[in-house]
Amino acid sequence: MRVLLFGIAKDIAGAPFITAEGVSTVAELKSWLYGRYPALRQLRSLMVAVNKVYAGDEETLKNEDEIAVIPPVSGG
Amino acid sequence: MRVLLFGIAKDIAGAPFITAEGVSTVAELKSWLYGRYPALRQLRSLMVAVNKVYAGDEETLKNEDEIAVIPPVSGG
Amino acid sequence: MQVLLQINTNISVQQALDFVQTPECGGVVVFVGNVRNVTQGKAVTKLFFECYEPMALLEMEKIAQHMIDQMWVKKVAILHVVGEMFPGDTVVVIAAAAPHRAAAFAACEYAIDTLKETVPIWKKEYFEDGAVWVAAHP
Amino acid sequence: MQVLLQINTNISVQQALDFVQTPECGGVVVFVGNVRNVTQGKAVTKLFFECYEPMALLEMEKIAQHMIDQMWVKKVAILHVVGEMFPGDTVVVIAAAAPHRAAAFAACEYAIDTLKETVPIWKKEYFEDGAVWVAAHP
């Protein structure tokens, strides 16, 4: 499934989106990301948004969802 | 001595300044004002400023002071 | 110059903002007070502001100095109107710039609260059926 | 319309103010966030703001709705920049209008505090000797 990346997460992955395979929950996606991009472990936090809403670790992911990785925000 | 009046105090006295006689403290000025303009007793408060600074009842008044009657303020 | 004080027949939010903004301050808080069209259920037709100007400027200066000396504010603008005003008109503008936003919020609220208690300005509200000096009576 | 949300390469305080001002509200509080020229003792040369715009607008909408539903605010404007910015530039404007000023202060401060925690916008600070994504690391 397609995963959008922003801010430092985009810099770490080197791309504005990636394709994650074999993940069906937010928790699995995070594990997959940490395995593939160990530098993400250094961040203060890492959130996932599903269809533009912050998602808990238990939330399931479907292929048609809009999935985004949200590193620590710093607006304002 | 000359006493400046503002807001409702000016309306009650019917003039922007008056001349008070025989008063030498803020307390005496207030008594004099209340005697001459009983409607001032109805106000929520009545302050006196001497030389543009709020003055306590004990403060003495000199002829050369700039004396002003300050009814309840309502700026903003 | 850290403080802009102004008592005038019209005042500008932009002027207050331009004065306080500085690259050393991340946060600016502005309070804008406008004439309401209704007071205690009655339609307001106009307002009149009277001011003991030299003393009002001194009291405004005390407020601004307290913000700078005690409340971590770097720059302050306090602007107040005098004369005839109508619903929707801006009658007071207070802008506070501080390196940190919590200080700017606290100081700006302190300033308007204190202005309403100490600065010798008086507001007369006009209704269809008369007029009153605001807050004059208990 | 009670809420104005905007994410743009430049934003205007006046636009936020014009939007929220209404004769039913006596008090308007505006927060203006500017780029500081120094962060933790280092000179900032420029900033870059990135945004997940559709989600950012939804999170800003949640903030605005909370202010209106729970904090006695009548009208809200939340404006945030994206792209390259320089010291002194205005990057965020939040305006809240309420019948009573204490509500406007509390709601405006709530809004900027919450925006900084929840709205998916990221700031990269550039110095003479490099650049960092702000708050990314512990």
Side-chain angles (χ1 to χ4, degrees), chain B residues 1-20 23 25-26 29-30 32-76, chain C residues 5-8 11 31-36 39 44 47-63 78-83 85 89-94 108-125 130-138:
Chain B
M1 61 187 48
R2 193 170 186 258
V3 177
L4 304 173
L5 298 164
F6 295 95
I8 195 168
K10 183 169 73 174
D11 283 4
I12 288 170
F17 60 89
I18 54 177
T19 302
V23 299
T25 66
V26 168
L29 173 61
K30 284 189 184 177
W32 184 89
L33 288 162
Y34 287 141
R36 179 127 169 202
Y37 307 106
L40 291 176
R41 298 173 194 259
Q42 315 298 322
L43 300 183
R44 196 163 51 78
S45 69
L46 194 70
M47 302 288 282
V48 170
V50 177
N51 299 322
K52 309 176 192 76
V53 177
Y54 287 108
D57 277 354
E58 310 306 307
E59 199 155 324
T60 58
L61 304 175
K62 296 183 293 295
N63 259 321
E64 63 271 28
D65 288 333
E66 180 174 312
I67 300 164
V69 174
I70 312 285
V73 302
S74 50
Chain C
L5 303 177
Q6 198 180 97
I7 294 172
N8 213 329
I11 57 177
F31 175 78
V32 181
N34 299 314
V35 179
R36 290 170 65 178
T39 295
V44 174
L47 273 80
F48 181 76
F49 284 91
E50 182 172 322
C51 180
Y52 179 19
E53 188 167 325
M55 182 174 169
L57 288 168
L58 284 178
E59 290 292 327
M60 284 158 62
E61 172 75 24
K62 281 183 199 165
I63 293 170
I78 305 179
L79 284 51
H80 200 293
V81 296
V82 284
M85 295 288 143
D89 285 349
T90 292
V91 299
V92 59
V93 176
I94 299 177
C108 192
E109 190 163 15
Y110 160 82
I112 180 62
D113 289 352
T114 306
L115 180 147
K116 284 172 172 275
E117 284 175 6
T118 65
V119 177
I121 298 176
W122 298 271
K123 173 165 51 188
K124 194 171 192 172
E125 284 179 337
V132 293
W133 287 101
V134 175
H137 294 100

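We name chains A, B, ... by the order of the sequence lines, and we start the count at 1 in each one.
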Using non-hydrogen atoms and a 4.5 Å limit, figure out which bit of V134(C) sits close to chain B: side chain, backbone, both or neither. both
Quick one: does K10(B)'s side chain get under 4.5 Å of E50(C)'s, heavy atoms only? yes
4.5 Å side-chain heavy-atom contact, W122(C) and P71(B): yes
K123(C), part contacting chain B, at a heavy-atom distance under 4.5 Å: both
Contacting moiety of Y52(C), where chain B heavy atoms sit under 4.5 Å: both
Tell me whether E58(B) at atom CD has more than 12 heavy atoms from other residues, nucleotides or ligands lying less than 6.0 Å away. no
Between W133(C) and chain B, which part of the residue has a heavy atom less than 4.5 Å away: side chain, backbone, both or neither? side chain
Greatest number of non-hydrogen atom pairs under 4.5 angstrom with chain B, of A135(C), G33(C), A56(C), falls to A135(C)
Can you see which heavy atom on T118(C) is nearest to which on V73(B), and at what distance? N-CG2, 4.1 Å
Proximal component of E117(C), with respect to chain B [non-hydrogen, under 4.5 Å]: backbone
Do other residues, nucleotides or ligands put more than 12 heavy atoms under 6.0 Å from F17(B) CZ? no
For chain C, which residues from residues 35-44 of chain B have at least one heavy atom closer than 4.5 Å to it? Q42(B), L43(B), R44(B)
Applying a strict 4.5 Å limit to non-hydrogen atoms, the region of H80(C) in contact with chain B is side chain
Taking it one step at a time, do H137(C) and I8(B) satisfy side chain to side chain contact (heavy atoms under 4.5 Å, CB included)? CA-CA 10 Å; H137(C) 294 100; I8(B) 195 168; 3.3 Å; yes
Heaviest contributor of heavy-atom pairs below 4.5 Å to chain C, chosen from I70(B), L4(B), L46(B), is I70(B)
